[in-house]
Amino acid sequence: MIPFLNLKAQYASIQPELEEAALRVLRSTRYVLGDEVAAFEEEFAAYCGARHAIAVNSGTSALHLALLAAGVKAGDEVITSPFTFVATAAAIRYIGARPVFVDIDPASFTIDTTRIERAITARTRAIVPVHLYGQMADMDPILAIAERQGLAVIEDACQAHGARYRRGRAGTLGLSGCFSFYPGKNLGACGEGGLAVTDDDEQARRMRMLRDWGQDRRYHHLVEGYNYRMDAIQGALLRVKLRHLENWTEARRAWARYYTELLANSSVEPPRELTGRRHVWHIFAVRTRQREALRQMLAHEGVETGLHYPIPVHLQPSYADLGHRPGDFPEAEAAAGSVLSLPIYPELSTREIEIISDLVRQDAYVN
């Protein structure tokens, strides 16, 4: 069996560090926010090159608070991609705003910047580009459009820890950038966690209040807020893992290069790292016309795979009230029907990459 993700191997590689950090929190009896979370915020902000980091309980919460702090209100519209995990759209809906979808660029799986301006209306308040699979969206055109139109840019960097676009890291080019630390992410907690970065002092102040019941100090509630605080144990464990993130990222990048080499001239289309970007390969999603047959064959041979994502958001039953139909966003729908995620994580071996690639290159599953 080659699992799709192997968190046991990751844990074994840093077990003493993780256990020492967890025990440190238990012995402190400071379990919510506190010094460990504050230290993680400082370290992650430095890693990104941002002025502020605000740690919360999930990437979804980070998106929600970043949009609220940017002034998005009920009845507003927020432009984003339909080809993403549903949390991107959910964070917009939590406010009572409307997600307005723009189709993707098939080369990057990220929002097609040439289509954004035609989606802008008098109600548009923000753009949420999704840095899907670990590769950043084409940010220069997005930032130029936002500046012309007076819109906030909130980066969904939940899959892009350490990714780069030309002059900066993921999360630092817009007003805020939002990260998830779900356990399977490149930087994953041992539970749930999230964080937003920003260089804007007022944006940071608002998010800090909103995550902690709207308090600016204990029992002084200036605005209605939320219980979105990060647990101290997650902050401590993430501090440990952050020290290893760059080495893990370089391992992912090496495996992606090897996959690409081995799958050249095969019946699948490997994903690409675009010029001027640093892809961190949270997901390695090949495109194939025979997805189900390939997936079943790999499963039979003991290789787990994933689907990210089989149904675009605009066709999910929970978003039927938006009024979309099949065909509205053809590139997103084509990707949803053809992508298959192969295992990619630092603890894989050269031999495992070769086994997976050899299986994918077989023609036996192609009708």
Side-chain angles (χ1 to χ4, degrees), residues 4-7 9-10 13-14 40 43-50 53 59 62-63 81 83-85 87-88 104-105 107-111 128-139 142 155-174 177-189 193-197 238-261 270-286 306 308-309 335 339 341-348 353:
F4 181 70
L5 178 67
N6 193 343
L7 291 179
Q10 184 192 81
S13 72
I14 55 172
F40 174 63
E43 291 161 11
F44 194 79
Y47 174 76
C48 292
L63 286 165
S81 166
F83 191 57
T84 179
F85 182 58
T88 309
I104 62 168
D105 168 14
S108 66
F109 301 106
T110 63
I111 195 167
V128 179
V130 181
H131 303 327
L132 198 71
Y133 297 163
Q135 179 155 239
M136 290 181 67
D138 192 4
M139 290 300 295
I142 294 169
E155 298 174 61
D156 182 340
C158 288
Q159 300 182 6
H161 315 71
R164 283 189 176 271
Y165 176 92
R166 296 179 184 171
R167 65 182 182 275
R169 283 193 190 268
T172 65
L173 300 185
C178 302
F179 296 86
S180 168
F181 304 124
Y182 186 76
K185 295 295 169 64
N186 292 23
L187 178 61
L195 180 144
V197 296
L238 286 163
R239 292 182 69 196
V240 171
K241 290 190 174 188
L242 181 58
R243 296 196 292 267
H244 298 274
L245 179 58
E246 278 300 298
N247 287 337
W248 290 343
T249 298
E250 287 306 313
R252 287 175 178 272
R253 287 172 55 77
W255 293 143
R257 288 192 295 269
Y258 198 30
Y259 264 138
T260 301
E261 175 188 335
R272 294 190 290 131
E273 179 180 65
L274 300 186
T275 302
R277 304 183 208 185
R278 185 203 192 205
H279 203 317
V280 296
W281 300 106
H282 173 57
I283 297 291
F284 190 91
V286 300
H308 301 89
Y309 298 94
V339 292
S341 304
L342 302 181
I344 188 163
Y345 46 89
E347 297 79 16
L348 283 165
I353 297 289

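In what follows, every heavy atom counts, from backbone to side chain, and hydrogens, waters and symmetry copies are set aside. Computed from a prediction, not measured in an experiment: that's the story for all the values here.
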**Asked** Hey, mind stepping through Leu195 and Phe40 against side chain to side chain contact (heavy atoms under 4.5 Å, CB included) and telling me if it holds?
**Response** CA-CA 10 Å; Leu195 180 144; Phe40 174 63; 3.8 Å; yes
**Those residues that, when tested against Glu250, pass side chain to side chain donor-acceptor pair (under 3.5 Å) (two or more places apart)** = Arg278
**Message:** I'd like to check the side chain to side chain contact (heavy atoms under 4.5 Å, CB included) partners of Ile14; sequence neighbours left out, ordered by chain and number.
**Reply:** Glu17, Leu18, Val240, Lys241, His244, Trp248
**Ile353 CD1 to Glu261 CD distance, which is reported to the nearest 0.5 Å** = 11.5 Å
**Request:** Determine yes or no for a side-chain-to-main-chain donor-acceptor pair under 3.5 angstrom, with Arg169 supplying the side chain and Gly162 the backbone.
**Result:** yes
**Request:** Check the pair Asp105 / Asp138 against side chain to side chain contact (heavy atoms under 4.5 Å, CB included), numbers first and verdict last.
**Result:** CA-CA 10 Å; Asp105 168 14; Asp138 192 4; over 6 Å; no
**Prompt:** When the ring planes of Tyr309 and Phe83 are compared, do they come out parallel, tilted or perpendicular, using 30° and 60° as the limits?
**Reply:** perpendicular
**Complete:** Smallest heavy-atom separation, Pro343 atom then Tyr345 atom, equals CB-CE2, 4.0 Å
**Item:** Phe85 vs Asp156, side chain to side chain contact (heavy atoms under 4.5 Å, CB included): CA-CA, chis, key distance, verdict
**Value:** CA-CA 10 Å; Phe85 182 58; Asp156 182 340; over 6 Å; no
**Asked** With a cut-off of 6.0 Å (strictly less than), are more than 12 heavy atoms of other residues, nucleotides or ligands near OH of Tyr182?
**Response** no
**Fill in**
CZ of Arg164 to SG of Cys48, rounded to nearest 0.5 Å, is 9.5 Å
**Complete:** Sequence neighbours excluded, the answer for salt bridge (charged side-chain N to carboxylate O under 4.0 Å, His left out) partners of Glu347 is none
**Any residue meeting ring pair (Phe, Tyr, Trp, His ring centres under 6.0 Å) with His282, in chain and number order, not counting sequence neighbours** = none
**Complete:** For Leu132 and Thr84, the nearest pair of non-hydrogen atoms, with its separation, is CD1-CA, 4.1 Å
**Request:** List in chain and number order the residues that pass ring pair (Phe, Tyr, Trp, His ring centres under 6.0 Å) with Tyr258, two or more places apart in sequence or in another chain; answer none if no residue qualifies.
**Result:** none
**Item:** All salt bridge (charged side-chain N to carboxylate O under 4.0 Å, His left out) counterparts of Glu43, not counting sequence neighbours
**Value:** Arg239
**Request:** In sequence, state the C-alpha distance, the side-chain angles, and the governing distance for Ile111 and Val130, and then conclude on side chain to side chain contact (heavy atoms under 4.5 Å, CB included).
**Result:** CA-CA 7 Å; Ile111 195 167; Val130 181; over 6 Å; no
**Asked** If you measure from CD1 on Ile344 to CH2 on Trp255, what distance do you get to the nearest 0.5 Å?
**Response** 9.5 Å
**Fill in**
Correct closest heavy-atom pair for Asn186 and Val280 would be ND2-O, 3.0 Å
**Fill in**
Scanning both residues in full, the closest heavy-atom pair of Val197 with Ala53 reads CG1-CB, 4.1 Å
**Complete:** Residues at least two apart in sequence or cross-chain that pass ring pair (Phe, Tyr, Trp, His ring centres under 6.0 Å) with Tyr133, listed by chain then number, are Phe109
**Request:** Apply side chain to side chain donor-acceptor pair (under 3.5 Å) to Ser81 and list each qualifying residue two or more places apart in sequence or on a separate chain.
**Result:** none
**For Ala62, side chain to side chain contact (heavy atoms under 4.5 Å, CB included) partners two or more places apart** = Val56, Cys178, Ala196
**Closest approach of Pro271 to Ala285 (non-hydrogen atoms, all atoms of both residues)** = CD-O, 3.4 Å
**Complete:** CZ of Arg167 to CG of Leu173, rounded to nearest 0.5 Å, is 5.5 Å
**Item:** Minimum heavy-atom distance between Thr110 and Gln135, given as atom pair plus value
**Value:** CG2-O, 3.7 Å
**Fill in**
Across all chains, not counting sequence neighbours, the salt bridge (charged side-chain N to carboxylate O under 4.0 Å, His left out) partners of Arg272 are none
**Request:** May I ask you to decide if the ring planes of Phe44 and Phe181 are parallel, tilted or perpendicular, using 30° and 60° as cut-offs?
**Result:** perpendicular
**Asked** According to the interplanar angle, ranging from 0 to 90°, do the rings of Phe4 and His308 count as parallel (below 30°), tilted (30 to 60°) or perpendicular (above 60°)?
**Response** parallel
**Message:** His131 and side-chain hydrogen bond (donor to acceptor under 3.5 Å, both in side chains): which single residue from Gln159, Glu155, His279 fits?
**Reply:** Glu155
**Request:** Find out whether Lys185 and Cys158 are in side-chain contact, i.e. whether some heavy atom of one side chain is under 4.5 Å from a heavy atom of the other.
**Result:** yes
**Request:** Report the distance from atom CG of Leu5 to atom CG of Leu348, rounding to the nearest 0.5 Å.
**Result:** 9.5 Å
**Request:** Could I get the full list of salt bridge (charged side-chain N to carboxylate O under 4.0 Å, His left out) partners for Arg257, not counting sequence neighbours?
**Result:** none
**Message:** Could you work out, with ring pair (Phe, Tyr, Trp, His ring centres under 6.0 Å) as the rule, every residue matching Phe284, not counting sequence neighbours?
**Reply:** Tyr259, Trp281
